[in-house]
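Residue numbering restarts at 1 for every chain, and letters A, B, ... go by the order of the sequence lines.
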There are 2 protein chains.
Amino acid sequence: MGKCEQCIIKEFNSLKALTNEELVRISNCKTSRIVKKGEAIFEEGDTLKGIYCIREGICKLTKLSSNGKDQIIKLVVKGELIGQRSLVSEESVNLSAIALNDMELCFIPKSEIINDLQKNTNFTLDLLKEMAHGLKEADDVIVNMAQKSVRQRLAETLIYINDSFGTKSDGTLSVLLSREDFANIIGTATESTIRVLSQFKKEDLITTIGKQIKIIDLEGLRRVE
Amino acid sequence: MGKCEQCIIKEFNSLKALTNEELVRISNCKTSRIVKKGEAIFEEGDTLKGIYCIREGICKLTKLSSNGKDQIIKLVVKGELIGQRSLVSEESVNLSAIALNDMELCFIPKSEIINDLQKNTNFTLDLLKEMAHGLKEADDVIVNMAQKSVRQRLAETLIYINDSFGTKSDGTLSVLLSREDFANIIGTATESTIRVLSQFKKEDLITTIGKQIKIIDLEGLRRVE
DNA sequence: TTAAAAACATGACATATATCATATTTCATT
DNA sequence: AATGAAATATGATATATGTCATGTTTTTAA
């Protein structure tokens, strides 16, 4: 198994703030885990025994609403950590993490992280900074949900996925989501999502190849009202 | 001016994690500020030179949507800190803070807090814990916005204000908001808010005395669909 | 105290979105 | 390649919510 201190992935998250010594210690007790597309890494209500560092793949963080529908709160990709919040707040996780493709994860036991939190201020400060940023992003999501139309929210979601996760060589979005996933991100019915995508096609803002989506007029999407 | 080390208010926020020595130092450089109802403590885009500790009063944190409407993200009361996030992330504030009644604030300069963040792990960990909790709350708001009706969101907002901030001796909610404020919390038109409040009155869930609202059937409100 | 302004309230109507029904296409499995 | 299941697509219709108009009440300031 790879060594944390030499792992490039950590540069994308707070683990980069750890010392070489701390990374060696983590490396010795970490475990690896493969999760197949559609499987859960953890589920709402679980008590986590550590955090995960995503080495490969993408997952969605979802929360079940009281009306029985799943809301996707966030997409998390290679390089990011999941489970830190629950570990910090010492509560069970409030979200489920479901793999959107085959994933490779490193699991770091809680005790290690707690230890580093108490001894390495840089690590704690980096986590704090990331959470502050996460809160800012959450504010934006709240405003969008509260104030914008389904049409606008879908356009912005397409732009977000395009800008954050990029496209494949054929120009289609590299994160492949079902229409239902899109609906669960923007908080609408699957049929509405499909209808708006059809509109976007007619307006030559996007094209679709099967379930794959290709943005052909990014500026147009930005202008959607 | 009062001394931080003897101030009871700090027990309600992360400042409680500071040592006596640190509190004395803060006490010597803090300043006091009075903000009248309706005035801004800070506005979206401002660069803050420190954080505020609320000694008295209530304010709303709002964000302007691209469609020109204000969204109220959070209500913040006596005992809480505001401005920490922006200080941690070293960015301009993403929200405006507007006083809902006359307020009394203590201002603590940035340099002091930064210093404490680097030297007192307990303080940093406490802030981290509060932010983790804030993120969890934000997730709940996102799900509610995305999945619930205006009727449900208004019912839940009334319950939230009742449970979190309590009532006056006559039973009316102690946080007094305009109908427009309610609309800006739940993300709807002011007229819709007024209409739903009228429905709630007809259903004997609440009564109103002028703009004041009194919950008379909390269980009924919880059952609203 | 009175006038003006702001907030509250309600009706009429327009529109966005949800829901239900039903094809059609794509995908996985044998 | 054939079959069934899942995902995508679209129409018809119901419903929730927004918008505009207008009137009433409450608050503010002269």
Exercise. Please state whether the phosphate of C:dT19, meaning OP1 or OP2, lies under 4.0 angstrom from any side-chain nitrogen or oxygen of A:K69.
Key: yes
Quiz item: For C:dA9, does either OP1 or OP2 sit under 4.0 Å from a side-chain N or O belonging to B:R179?
Solution: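 Looking at the OP1 and OP2 atoms of C:dA9, one of them is under 4.0 Å from a side-chain N or O of B:R179.
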Self-check item: nucleotides 24-30 of chain C: protein proximity per nucleotide (B base, S sugar-phosphate only, - neither; heavy atom, under 4.0 Å)
Solution: -------
Self-check item: Bending between helix ends of the helix from C:dT1-D:dA30 to C:dT30-D:dA1 [5 pairs per end, 10° resolution]
Solution: 60°
Quiz prompt | With A:L95, the side-chain contact (heavy atoms from CB on, under 4.5 Å) member among A:E43, A:K60, A:K63 | solution =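 Answer after filtering A:E43, A:K60, A:K63: A:K63.
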Kindly say whether [Y] contributes a backbone atom to a donor-acceptor pair with the side chain of [X] at under 3.5 angstrom?
X     : Y     : value
A:S86 : A:E91 : yes
A:Q71 : A:L64 : no
A:S96 : A:E44 : yes

Self-check item: Close approaches to DNA chain D from residues 182-196 of chain B, in residue order (heavy atom, under 4.0 Å)
Solution: B:T188, B:A189, B:E191, B:S192, B:R195
Quiz item: Which sits closer to the 5' end of DNA chain D, A:A146 or A:E180, going by the nucleotide each is nearest to?
Solution: A:E180
Exercise. Return each pair, listed once, that meets ring-ring contact (aromatic ring centres under 6.0 Å, His included) where at least one residue sits in residues 39-87 of chain A; pairs must be two or more places apart or across chains.
Key: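 ring-ring contact (aromatic ring centres under 6.0 Å, His included) check on residues 39-87 of chain A returns A:Y52-A:F107.
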Check this for me, if you would: do [X] and [Y] make a salt bridge, where the nitrogen-to-carboxylate-oxygen distance has to be below 4.0 angstrom?
X      : Y      : value
A:K211 : A:D181 : no
B:R153 : B:E156 : no
A:E11  : A:K16  : no

Quiz item: Under the side chain to side chain contact (heavy atoms under 4.5 Å, CB included) test, which residues partner B:E90, sequence neighbours left out?
Solution: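 For B:E90, the residues satisfying side chain to side chain contact (heavy atoms under 4.5 Å, CB included) (neighbours in sequence not counted) are A:K129.
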Quiz item: Are any non-hydrogen side-chain atoms of B:L15 and B:I108 less than 4.5 angstrom apart?
Solution: yes
Practice problem: Would you jot down, in residue-number order, the residues of residues 57-68 of chain B having a non-hydrogen atom under 4.0 Å from DNA chain C? | Solution: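 Residues of residues 57-68 of chain B under 4.0 Å from DNA chain C: none.
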Practice problem: Check every strand shown and say whether A:K148 touches a base, only sugar-phosphate, or nothing at a heavy-atom separation below 4.0 Å. | Solution: nothing
